[in-house]
Asker: 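Sharing a structure, written as structure tokens. Questions coming.
Read the numbers this way: they start at 1 and go in the same order the structure lists the ligands and their atoms.
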Amino acid sequence: MSVESTTVFVDLAERSYEIRIGSDNLADIGRWVESLGDISQTIVITDSNVRQLYGETVLRTLSTIDTRIDIITVPAGEASKSIPMLDEILNQMLSLQADRKSLVLALGGGVVGDLAGFAAATYGRGIRFLQIPTTLLATVDSSVGGKVGINLPGAKNMVGAFWQPQGVLVDVNVLQSLPERDYRAGLAEVIKYGVIQDVEFFGKLEAHADLILTRDPVLMRDIIARCCQLKAEVVTEDERETTGRRAILNYGHTFCHALESCTGYGQFLHGEAVAIGMLCASRLAESLEMIDADITQRQFQLLTKFGLPTDVPADLNRQELVEAMQHDKKTEHGKLRFILPVAMGHVKIVDDIDSKLVQAALN
Ligand code: GLY
């Protein structure tokens, strides 16, 4: 099914760019590259799974324009977001004679976007890059706002940069090929925008939950566009996360990061850990008498409807989880900081919460 395309503008002065959301539009990327002007070479960075699915279409459209084309394929999976893989990519770019007029085209999910974006940010002190996110999570979150980077062993996203792309192209039909579990995990970040910024949007998700699960292209175009717009508003106000505004996007993430690290990053997909983390944060807000129980209940019902996990596994040691939160890179001097709801569609940052209340919110 073909849907009319829509555009979200990310307003960042000379770093502004468009997110173009449509269907069956991967073949438009050639013209977009051409329109950037003065591109000597396009280096497509992708992973082994995505290359098989969409590599051919992207290479074909690039072959119709005047650009040298190269492709670098990394193994699919979080392990690729590493210093050795970055080293390999940068050296491959060097042997492909990449220069300041080379363009990186990141084709893939969050891992590829973060890794390829960081390679673009660092090679030759920074070259241009375009993004084609291929997972729902990458589409509504990691491809918006220019956070790129890699992991250190035991410290997720610890090395990185703010490096905005020249543009982002989203093909909603790509969602059809996602495994069910990955699609649902992406929906957790979608729900997050409703809780933190837009009560009406949250209501829309509740009203259309069944259709969302069918991956209806028109509805998903509108939902993706709204998420990107909401995130773009935040990024415009606080591009480098210095004022605290951008931190609201981390709703549920302090709990989420602790869950991910205490389970060795293997048990939960990121969106699944976000789902559990949002409910913990909401319970914490309840215990601080910031909200009534119905705000948590509405999130619980929607997350459950989307088949997302809602409980911290019983076998995880609560004390260890709280300690992991204290070591989170977003923690300042060991003080626990949370983004907590004050109403549906509104959150605030709360610092220095008693760790006993945090531990209680895990249950
Ligand atoms: N994913 C949170 C941010 O981009 O700030």
Side-chain angles (χ1 to χ4, degrees), residues 8-12 15-17 19 78 81 106 108-118 120-121 129 131 133 135-151 155-165 167-168 170 182 185-198 223-261 265 268-278 281 325 328-332 337-341 347-349:
V8 173
F9 186 65
V10 186
D11 189 359
L12 291 167
R15 294 176 305 290
S16 298
Y17 61 94
I19 302 170
E78 187 74 24
K81 254 178 75 172
V111 168
V112 165
D114 286 6
L115 176 66
F118 193 43
F129 88 113
Q131 274 190 280
T135 62
L136 181 56
L137 198 91
T139 301
V140 297
D141 183 25
S142 57
S143 72
V144 189
K147 278 190 182 174
V148 293
I150 53 172
N151 304 327
K156 229 183 143 182
N157 295 330
M158 189 48 97
V159 178
F162 291 95
W163 191 247
Q164 303 295 344
V168 180
V170 178
D182 292 80
L187 290 174
E189 292 278 3
V190 171
I191 293 173
K192 181 192 79 177
Y193 289 106
V195 182
I196 65 173
Q197 280 170 282
D198 190 343
I223 285 176
I224 289 168
R226 186 64 188 144
C227 293
C228 292
Q229 202 172 38
L230 288 165
K231 180 159 181 184
E233 282 168 17
V234 171
V235 170
T236 296
E237 286 171 38
D238 182 20
E239 184 183 1
R240 298 177 74 91
E241 204 166 323
T242 48
T243 67
R245 180 70 182 143
R246 187 164 178 162
I248 70 165
L249 299 169
N250 295 321
Y251 174 55
H253 282 61
T254 306
F255 289 99
C256 155
H257 291 157
L259 276 168
E260 289 178 311
S261 100
Y265 295 94
F268 295 112
L269 296 177
H270 178 66
E272 293 170 340
V274 168
I276 300 171
M278 288 194 292
M325 287 179 222
D328 192 293
K329 83 172 188 305
K330 296 199 186 303
T331 304
E332 282 173 20
R337 155 180 277 209
F338 293 90
I339 314 303
L340 300 181
V347 285
K348 76 172 193 184
I349 300 175

Asker: Spell out, as yes or no, whether a donor-acceptor pair under 3.5 Å connects the side chain of Tyr17 to the backbone of Val168.
Answerer: no

Asker: Is the side chain of Gln164 donor-acceptor paired with the backbone N or O of Gly146 at a distance under 3.5 Å, no angle test?
Answerer: yes

Asker: Under the rule for side-chain hydrogen bond (donor to acceptor under 3.5 Å, both in side chains), what residues qualify as partners of Arg226, not counting sequence neighbours?
Answerer: Asp198, Gln229

Asker: Please check: side-chain N/O of Asp11 versus main-chain N/O of Thr236, any donor-acceptor pairing under 3.5 Å?
Answerer: no

Asker: Are the side chain of Asn157 and the backbone of Asn151 linked by a donor-acceptor contact shorter than 3.5 Å?
Answerer: no

Asker: Quick check: closest heavy atoms across Thr139 and Cys228, and the distance to 0.1 Å?
Answerer: O-SG, 3.5 Å

Asker: What are the distances between nitrogen or oxygen atoms of ligand 1 and protein nitrogen or oxygen atoms, counting only those under 3.5 Å?
Answerer:
from	atom 1	to	atom 2	distance (Å)
ligand 1	1 (N)	Asp141	OD1	3.0
ligand 1	1 (N)	Asp141	OD2	3.4
ligand 1	4 (O)	Lys231	NZ	2.6
ligand 1	4 (O)	Arg246	NH2	2.8
ligand 1	5 (O)	Lys147	NZ	2.9
ligand 1	5 (O)	Arg246	NE	2.7
ligand 1	5 (O)	Arg246	NH2	3.4

